[in-house]
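Here the structure comes first, spelled out in structure tokens, and everything after it is commentary.
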Protein chains: 2
Amino acid sequence: MSRDWAEHAQGALREAGFRAGGARRAVVELLGEQDCALSAAEIEGQLRRRGHTVGRASVYRTLEQLEGLHLVQRLEIGTGTASFEPLRPTGEHHHHLVCGGCGRVVPFEDPQLERAIAHVSRSTGFDVSEHDVTLRGLCGRCAG
Amino acid sequence: MSRDWAEHAQGALREAGFRAGGARRAVVELLGEQDCALSAAEIEGQLRRRGHTVGRASVYRTLEQLEGLHLVQRLEIGTGTASFEPLRPTGEHHHHLVCGGCGRVVPFEDPQLERAIAHVSRSTGFDVSEHDVTLRGLCGRCAG
DNA sequence: ATGACTGCAAAGCCTTTGCACGCAA
DNA sequence: TTGCGTGCAAAGGCTTTGCAGTCAT
């Protein structure tokens, strides 16, 4: 199912007029295998570790293009470093819990929370297309 | 009521062992008058406009201290620039709607959303102390 | 008198941009 | 062959840090 996203994204990029290049394909494939958010540096590092080195600029450019097509969501989870994660066409997604002690990021999902957000969205006068929720605190280990 | 926050914050800072200096006091007072988030640059600019110039470093240092005492919340509303807003001891607060067209940031509040978040928080195994919600889309004017 | 507070300037990071070369179409 | 895609290096922008002078206690 994760691989589905990569194929979907490649198709959407092609339809949007982008050509097929190695760097972008590698970034999209890596993103498709992820279940949570990755920073640009993490993407660059993981690709290099796989032996497929990609320029930093290409990583950012690809992410920018994917964001423009609503294929990935950019998240600012606190420390001045952005993270990116695939946006499934099904709408299924999760949010994040961040531990202020160890920095661990844990995903969670909650239907009731989604319903509340959908309800608010309709009452705003905005055409809301994305949302994100971040909970911060201490994880079991750090809270002691 | 806004002024209450500034006094509360000054007291908390004193109890935490901080001395009374002009730069920090000015930042705290300005924050107390705000009802929504301000960036460090906006804080610096507004203080200068009032004739009370404060060094950029002092603004950031004060914000860092206030954040450490949970007196302000740092928000990353998208464009790589952090914003800060007072955290009321009463717990009352709002969230943000961001227009991707004009960049406008509109605050909103919703009790049902808060309840949903509180419910999720209790089920996570984390000791959740803060949260933030950001809705993104196009405002009435930009959606046309 | 001591050590925290400040401001300025420099350094650090993450991200974006400029440019020349290579590859898809 | 055209011009998009890519990588490298330089530039940008926000934030943090180092340092010396000042002020609170």
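Values reported hereafter were calculated over all heavy atoms of this structure, with side chains retained and with hydrogens, waters and symmetry mates removed. Chain letters run A, B, ... following the sequence lines, proteins first, then strands; residues in each count from 1. Treat the numbers as computed from the prediction; the structure is a model and nothing was measured.
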Rounded distance in Å - [atom1] ([X]) to [atom2] ([N]):
{"X": "Arg25(B)", "N": "dT6(C)", "atom1": "CZ", "atom2": "C1'", "result": "13 Å"}
{"X": "Leu75(A)", "N": "dT15(C)", "atom1": "CG", "atom2": "P", "result": "12 Å"}
{"X": "Leu13(B)", "N": "dT25(D)", "atom1": "CG", "atom2": "P", "result": "13 Å"}
{"X": "Arg74(B)", "N": "dT16(D)", "atom1": "CZ", "atom2": "P", "result": "5 Å"}
{"X": "Arg19(B)", "N": "dA4(C)", "atom1": "CZ", "atom2": "P", "result": "6 Å"}
{"X": "Phe84(B)", "N": "dT16(D)", "atom1": "CZ", "atom2": "C1'", "result": "12 Å"}
{"X": "Glu64(B)", "N": "dT15(D)", "atom1": "CD", "atom2": "C1'", "result": "10 Å"}
{"X": "Glu44(B)", "N": "dT15(D)", "atom1": "CD", "atom2": "P", "result": "11 Å"}

With a 4.0 Å cut-off on heavy atoms, is [X] in touch with a base, just the backbone sugar-phosphate, or nothing at all?
{"X": "Ala82(B)", "result": "sugar-phosphate"}
{"X": "Ser39(B)", "result": "nothing"}
{"X": "Gly17(B)", "result": "nothing"}

Arg88(B)/Asp4(B) ion pair, N-O < 4.0 Å: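 Judged by the 4.0 Å cut-off on N to carboxylate O distance, Arg88(B) and Asp4(B) do not form a salt bridge.
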Salt bridge flag under 4.0 Å for residues Glu33(B) and Arg50(B):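 Counted as a salt bridge, because a side-chain N and a carboxylate O are separated by less than 4.0 Å.
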Nucleotide nearest [X] when distance is taken to its side chain, options [options]:
{"X": "Ala57(A)", "options": "dG3(C), dA9(D), dA25(C)", "answer": "dA9(D)"}
{"X": "Thr81(B)", "options": "dT15(D), dG7(C), dT17(C)", "answer": "dT15(D)"}
{"X": "Val54(B)", "options": "dT6(D), dC14(D), dG7(C)", "answer": "dG7(C)"}

Phosphate OP1/OP2 of dC5(C): any Arg24(B) side-chain N/O under 4.0 Å: yes
5' precedence on DNA chain D between Phe18(B) and Tyr60(B) (nearest-nucleotide basis): Tyr60(B)
Nearest-nucleotide 5' precedence on DNA chain D, Glu76(B) against Gly21(B): Glu76(B)
Position toward the 5' end of DNA chain C (nearest nucleotide), Ala20(B) or Arg56(B): Ala20(B)
Within-4.5 Å side-chain heavy-atom neighbours: Ser58(B) and Arg24(B):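 A side-chain contact is absent here, since even the closest heavy-atom pair is not under 4.5 Å.
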Backbone N/O of His94(A) and side chain of Glu109(A): donor-acceptor pair under 3.5 Å: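 No: the side chain of Glu109(A) does not pair with the backbone of His94(A).
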hbond_proxy Arg61(B) side chain to dG7(C) base (donor-acceptor, 3.5 Å cutoff): yes
Derivation and outcome, side chain to side chain donor-acceptor pair (under 3.5 Å), residues Glu114(A) and His95(A): CA-CA 10 Å; Glu114(A) 296 304 327; His95(A) 294 294; 2.8 Å; yes
